[in-house]
Amino acid sequence: MGDPEPYPRIDRNPHVDIIAINRPDPEGLEIVSKTFDLPRTYRDAREMLDAEQLHGVVVASPHVLHAEHAKLALERGLKVLIEKPMATSAADARALVALAAAGGGEIIMPYGWNYKAMTETAHRLVRDGWIGEVRHVVAQMASALTDLFGGEPMVETKDHLFRPPTSTWADPKRSGGYGWGQLTHGLGVLFRLVDREPKRVFARTGLSPAGVDFYDAAVLEFANGATAVLSGSATVPKSRGFQLDIRVFGTQGMLLFDIERARVEVVRHDGRAHVETLEPDAGAYEQVEPITRLVDLCRGKDVVNPADGTIGLRATAVLDAMYRSAGSGRMEEV
């Protein structure tokens, strides 16, 4: 067998019967149609949704269009996988969650690490009270994406069907930058582990040559008074992989979660501990499972959604406040 393709293939799921595709540019639409043998093509999202009998939708448009396109699908009561970020404003994210609740739709986010067994274990440990009441969190994420957020072509995508456009990832006027593009993943995991409402944020950012954030530093306060320190960096050397390290401190102990070293560990004040046995690659990013869960939700199966609309909303709201704070120099409400 050859190397796996660099993208998941929803058309290879045995429970998917019809796939319609929507893309505004005719050249790109033709490339996708011919590459994946998908004849049902549209250049207008609303037209596609009106014409086709769909159960679910994948929104993979530029960041600034996610809310608009997800709204069209949720208005029809569909299950919707929304590429991160869920939206680029807290108001839009809240509207999407409310729309899903009112219309019978459902939001699922492709936060790949949320679907990993190690994340589910850490989630259960916190939920079941191993560390007591959460009081403080330290969360840092870093990626080898100096090129992407610096306005240059992403080296790893030179052989991909399409390369990430600068207009999405490195344009400060179109929600480019590390926060919207990457730190959102770290926040997705954080809110899977820590089920708390964010309240306000104070932040500073360091900019790339393209004028978007390379570096993010923020202090977050939760509604229950707990605190968090958030860090993001785009400038890991290409020889290294992703970093996502979350430490949760509670009244009874602490949780250590690290994808780079594949670690899930709890240490308590009373001497008890839990060290999960993990394979070295347990923290590898998951690409296919979010699509599988979307299809299962469309089939009416009772499956866990570890990156639902609430998690997507909280991540979006924190980022919205983070960017506003970086601009204003003040603590901003979420």
Side-chain angles (χ1 to χ4, degrees), residues 59 63 66-67 70-71 74 80-101 105-116 119-120 122-124 126-127 133-141 175 177-203 216-232 244-250 255 257 290 293 304-326 331-334:
V59 174
H63 299 342
H66 287 181
K71 179 175 182 289
L74 290 169
V80 187
L81 183 147
I82 311 173
E83 257 295 352
K84 47 72 186 152
M86 192 169 91
T88 54
S89 76
D92 282 344
R94 290 188 180 99
L96 293 178
V97 170
L99 189 58
E106 186 163 358
I107 295 168
I108 182 169
M109 299 293 299
Y111 287 138
W113 287 295
N114 285 44
Y115 299 84
K116 302 296 289 189
T119 308
E120 189 62 21
H123 160 75
R124 289 198 309 268
V126 176
R127 180 199 65 193
E133 178 70 15
V134 173
R135 301 308 307 160
H136 184 65
V137 179
V138 177
Q140 80 93 17
M141 182 174 179
S175 298
Y178 191 80
W180 291 124
Q182 287 285 285
L183 187 56
T184 179
H185 281 286
L187 290 168
V189 176
L190 187 158
F191 285 114
R192 179 60 175 164
L193 304 186
V194 179
D195 184 14
R196 297 290 185 274
E197 285 289 337
K199 183 178 182 181
R200 49 192 176 187
V201 178
F202 179 80
D216 303 309
V219 175
L220 166 65
E221 181 183 349
F222 295 96
N224 71 337
T227 53
V229 178
L230 308 176
S231 172
L244 178 54
D245 183 357
I246 299 177
R247 302 181 180 220
V248 187
F249 300 88
L255 170 81
F257 175 93
R293 300 281 177 101
V304 173
N305 181 352
D308 61 11
T310 296
I311 289 175
L313 163 59
R314 288 173 175 174
T316 296
V318 168
L319 290 169
D320 183 348
M322 183 190 84
Y323 284 109
R324 284 187 283 113
S325 176
M331 180 79 81
E332 294 285 350
E333 297 295 318
V334 169

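Please read these numbers as outputs of a predicted model, since none were measured by experiment.
Side-chain contact between Gln140 and Val138 is absent, with no heavy atoms from C-beta onward closer than 4.5 Å. Using a 4.5 Å heavy-atom cutoff, the side chains of Glu120 and Arg192 are in contact. In this structure, Val334 and Glu221 have side chains that are not in contact, with every pair of non-hydrogen atoms separated by 4.5 Å or more. Counting heavy atoms from C-beta outward, His185 and Val189 have side chains that stay 4.5 Å or more apart. Annotation: side chain of Val318 is in contact with side chain of Leu230 (closest heavy-atom distance under 4.5 Å). Between Glu332 and Arg200 the shortest side-chain heavy-atom distance does not fall below 4.5 Å. Contact check for Glu133 versus Asn224: side-chain heavy atoms found under the 4.5 Å cut-off.
Contact check on Asp308 versus Arg314 returns no salt bridge, with no Lys/Arg side-chain nitrogen under 4.0 Å from an Asp/Glu carboxylate oxygen.
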Problem - Steps toward side-chain contact (heavy atoms from CB on, under 4.5 Å) verdict (Val201, Val219) - result: CA-CA 6 Å; Val201 178; Val219 175; over 6 Å; no
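Ring geometry for Tyr323 against Trp180 counts as parallel: the plane angle stays under 30°, on a 0 to 90° scale with 60° as the upper cut.
Nearest heavy-atom pair across Met86 and Leu96 is O-CD1, 3.9 Å. Across all their heavy atoms, Tyr115 and Pro290 have their closest contact at CE1-CG, 3.5 Å. Pro85 approaches Ile82 most closely through the heavy-atom pair O-CG2, 4.4 Å.
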